[in-house]
Amino acid sequence: MCRDSSKIMFAWAKHAAPTELPGDVGFKLEKDDYLVLQVHYVNPLLTPDHSGIRMRFVDNSPKYTAGMYLLLRSQLAIPPDTTGIHGDVNCQAKIRSPIHVFAYRTHAHTLGSVITGYRYSPQTQEWRLLAKGNPNWPQAFYPMQTTMTVNPGEILAARCTYNTTGHHTPTKIGATGGDEMCNLYLMFYTLSTQDDFLVCVDEQNPGLTSQLPPGNDLPLPPNPALEHKAAGQEASLVSYSNGLPVADTVPSPAKKGESSVKKRPGVDNGSVKKKPGVEPIYAGPRDSKALPGSDLSVVPNWPNKETEDRLGQLSGVAIDIYGNAIIFHRGDRTWNGMTFKGDDTYGLEKDKPIPQDTVLTVNATGHTVNSWGKNMFFLPHMITVDKKNNIWLTDVALHQVFKFPPYGGDHVPLIVLGERFVPGSDDKHYCKPTAVAVSEDTNSFYVSDGYCNSRIIKYGVTVQPTGEHDVKKLFEWGKGSGPFTVKKGPNSFNIPHGLALAEDRSEICVADRENGRVQCFSLDGDFTRSIQPQEFGSRIFSVAYTSANGGQLHAVSGPEFSLNPWGKKPTGYIVSMESGELSGSWNVPGGLQNPHDVAVSADGSIVYVVELNPFKVWKLTNGAPQSAPLPPLPDTVLSTHGQPAHNLAIEQLVPANMNSSVVLAAAISVPLTLLVALCLAWRRCRKKGKGTMPGTTSKSKYKDWNVGDILGRNKDGFKQVNTDERDGMLDDDSESEVGSS
């Protein structure tokens, strides 16, 4: 089968009873989709297996779309011989319309005693019980007695409780059968066709955990019938034939929950070999050959400690005309589950900007020679320095794009685009804009309106003799492409996150973050090629261009949504712009963790990369001497020669104070492990089963996991399979933003 992204529709295990969707609710299928049934065996089978599932298809679209909300804990140390150990999860529901939860599923391993889920309303400060289940009972979707509605902006919370009495070794949450898990799956229906898979990871608001209602960790009463059934001792009560019982069925208890998200005891891609006890999760095919290296190495003790101590979560880096690094960081702010409401508006206090200087100029020796930006920004994203040393910034909380004079000038912006704190998708608004690229003559620039709108906008700018800037929108292109989108063709983006302008090649290249690729276009927005070497991971966060060495693109990947120990780790890649092939790679001691942005010098000898967590900026160099002596940084801050841009007529396109909003379109594909899982593989394949995208080069390949061989096709079954249902790790900070940043 061809390679493309996949999605779990349904899953069951431990002799679970079937689940039926409510009326007028269904999963949408396209005519070219493949349905794949994946069966995992704990032990080899002595007789033929006839496991299966029966599904009903209708021609008319139902009113509601079925979906899954996964709440998971990514890490937890579980001590031995202890009762009442808690793993907590909570986040704000970032949904476009209300969701109606009608079934749920809990999942942990042998140490889990009870998993409980709640809905919390910030308006009424009321807690409502959503789910409570024993993870050692049959793993099915258990229907709720009453459907419960979750509205945008409300809080979802889950608590997993463990009992390690008699277990004498420490345990942790992890990806093997010997580790533990903490997952709560909520099955819902909604009017929105975009909110069909949502993920909440860890505690985004730890203060809420102490307010959980009493009884949250009290186990359910023993139920011998369910416990025997989970162990297979009453399998005769349910006779499965193609997935549906032909005899009397055991009614689904109203107290267990589980999600149709895939349980992934070994989602192997292609020829990936599965080690016993370790289950790859959302991993692409692994290459046996090593990555090509480069002569870049980390400069030790850069920056100095004084500079390092000033840095918060780092989101952007650029290089000024003197070779200094310009860093954009978030001070005392981080992007978490409370940062944005369900409608993408800023969820925190709008009268409290970051009190620290957010823009730092750091010289070759690592000393801060200039800083500014305090009490101006709320959630910095990326930074660009043009050929006149002007500084361009994006702020995703403000939904705005700014241009400032060199070193900030008198801190009055020359250009302001977007309406303050107001997201939108028209010509006067953005929704969490991500990056800016500026032409060498500074007469035009591009904005990636990334998290919500998935578009690239090109503007022209004229500077009047008075210094006033007239900005005009020229055109835009791009459309959304979520993780379950059938087509990932040209112009489709799943968070256009970074921009690199290669004017000598007449191309603008876009880091298509969640599609794990770089798309390049002509300066007029026409698609030229997609760059996706086999070595790329599934997420590319930023790109930078140098004309050196025949033209090279530096791309940095982010953390995978996976605990797969063999999964691709964040890495810096060097791509030849001539061939589109990988020509080198680089990394830092200990490996990059959460890189977010990258910058490269004009001669390709210096690379800077910043990380969200840890709060770290790295400088790498090939040791080559500078091509020209660097002029000293002015001792005084340059004052602006211009004035703030004024609002322009609509025909002129963008008023200077226009807001921009970026909808958090970081749709998350989170593969999970189950004993039996039915995968809906969204596939648009070329003839003969090839999965290459039309218009891409022959070298370009998708990195999504392949369902072709995940079944193993071995009649002896899998080696002692792990029953984990772990997805990739994800922060609300879609930037790693492991979520948005």
Side-chain angles (χ1 to χ4, degrees), residues 14 69-93 101 103-121 125-142 144-146 148 150 154-174 178-186 199-224 226-227 230 253-259 337 723-726:
K14 293 187 177 181
Y69 212 128
L70 167 63
L71 290 82
L72 69 90
R73 180 83 183 190
S74 67
Q75 55 185 342
L76 182 70
I78 303 174
D81 294 301
T82 308
T83 60
I85 305 153
H86 297 149
D88 291 291
V89 184
N90 63 56
C91 65
Q92 189 176 55
V101 182
Y104 65 95
R105 173 179 184 261
T106 60
H107 178 77
H109 292 168
T110 56
L111 301 179
S113 58
V114 64
I115 297 177
T116 311
Y118 294 93
R119 182 200 71 185
Y120 175 74
S121 170
Q125 298 186 353
E126 178 187 30
W127 291 91
R128 291 287 303 275
L129 180 67
L130 274 173
K132 189 169 187 177
N134 183 338
N136 292 305
W137 288 349
Q139 297 186 7
F141 287 107
Y142 292 93
M144 299 171 59
Q145 293 180 343
T146 304
M148 186 172 293
V150 178
E154 293 185 326
I155 308 298
L156 291 173
R159 165 164 283 185
C160 298
T161 302
Y162 303 92
N163 184 347
T164 61
T165 302
H167 189 82
H168 307 308
T169 57
T171 310
K172 61 179 176 60
I173 285 182
D179 296 326
E180 265 300 337
M181 306 280 303
C182 174
N183 293 348
L184 173 63
Y185 304 97
L186 304 176
V199 181
C200 171
V201 181
D202 296 335
E203 295 175 89
Q204 305 306 329
N205 186 349
L208 280 177
T209 299
S210 61
Q211 302 176 31
L212 287 173
N216 58 77
D217 58 358
L218 185 66
L220 293 167
N223 190 320
L226 289 175
E227 289 153 11
K255 56 178 77 165
K256 282 268 332 175
E258 183 156 337
S259 188
T723 58
D724 301 358
E725 305 191 78
R726 220 6 234 259

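Between R128 atom CZ and M148 atom CE the span is 4.0 Å, to the nearest 0.5 Å. Atom CG of residue D81 and atom OG1 of residue T165 lie 6.5 Å apart, to the nearest 0.5 angstrom. One distance of note links NE2 of H86 with CG of L212; it measures 9.0 Å at 0.5 Å rounding. Atom-to-atom distance recorded for L76:CG and K172:NZ is 11.0 Å, nearest 0.5 angstrom. Between L186 atom CG and L184 atom CG the span is 4.5 Å, to the nearest 0.5 Å.
Without hydrogens or angle criteria, D202 side chain to S74 main chain gives a donor-acceptor distance under 3.5 Å. Formation of a donor-acceptor pair under 3.5 Å by the H109 side chain with backbone atoms of D179 is found in this model. A distance-only check finds a donor-acceptor pair linking the side chain of E180 to the backbone of T110 [under 3.5 Å]. Listed for the S121 side chain is no donor-acceptor partner under 3.5 Å among the backbone atoms of E126. Panel note: side chain T164, backbone P79; a donor-acceptor pair is recorded below 3.5 Å. Looking at N136, its side chain does come within 3.5 Å of a backbone N or O of G112 through a donor-acceptor pair. Looking at N90, its side chain never comes within 3.5 Å of a backbone N or O of L156 through a donor-acceptor pair. A donor-acceptor distance shorter than 3.5 angstrom exists from the side chain of R73 to the backbone of D88, with no hydrogens or angles considered. With S210 contributing its side chain and L208 its backbone, the two residues share no donor-acceptor pair below 3.5 Å.
Closest non-hydrogen pair, A93 versus V150, comes out as CB-CG1, 4.0 Å. Minimum interatomic distance between T171 and H167 (heavy atoms only, all atoms of both residues): OG1-NE2, 3.2 Å. The minimum heavy-atom distance between G87 and Y162, with the atom names listed, is N-CE1, 4.5 Å. Of all heavy-atom pairs between I173 and C182, the closest is CD1-CB, 3.9 Å.
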Step-by-step side-chain contact (heavy atoms from CB on, under 4.5 Å) determination, L70 to N183
CA-CA 7 Å; L70 167 63; N183 293 348; 4.1 Å; yes
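Ring geometry for Y120 versus W127: interplanar angle of 30 to 60°, hence tilted.
Side-chain atoms of L72 and M181, non-hydrogen and from C-beta on, never get closer than 4.5 Å to each other. The closest side-chain heavy-atom distance from Y69 to V101 is not below 4.5 Å. Residues K132 and I115 are not in side-chain contact: their nearest non-hydrogen atoms beyond the backbone lie 4.5 Å or more apart.
Under the 3.5 Å distance criterion, with hydrogens and angles disregarded, no donor-acceptor pair is assigned to the side chains of N216 and T116.
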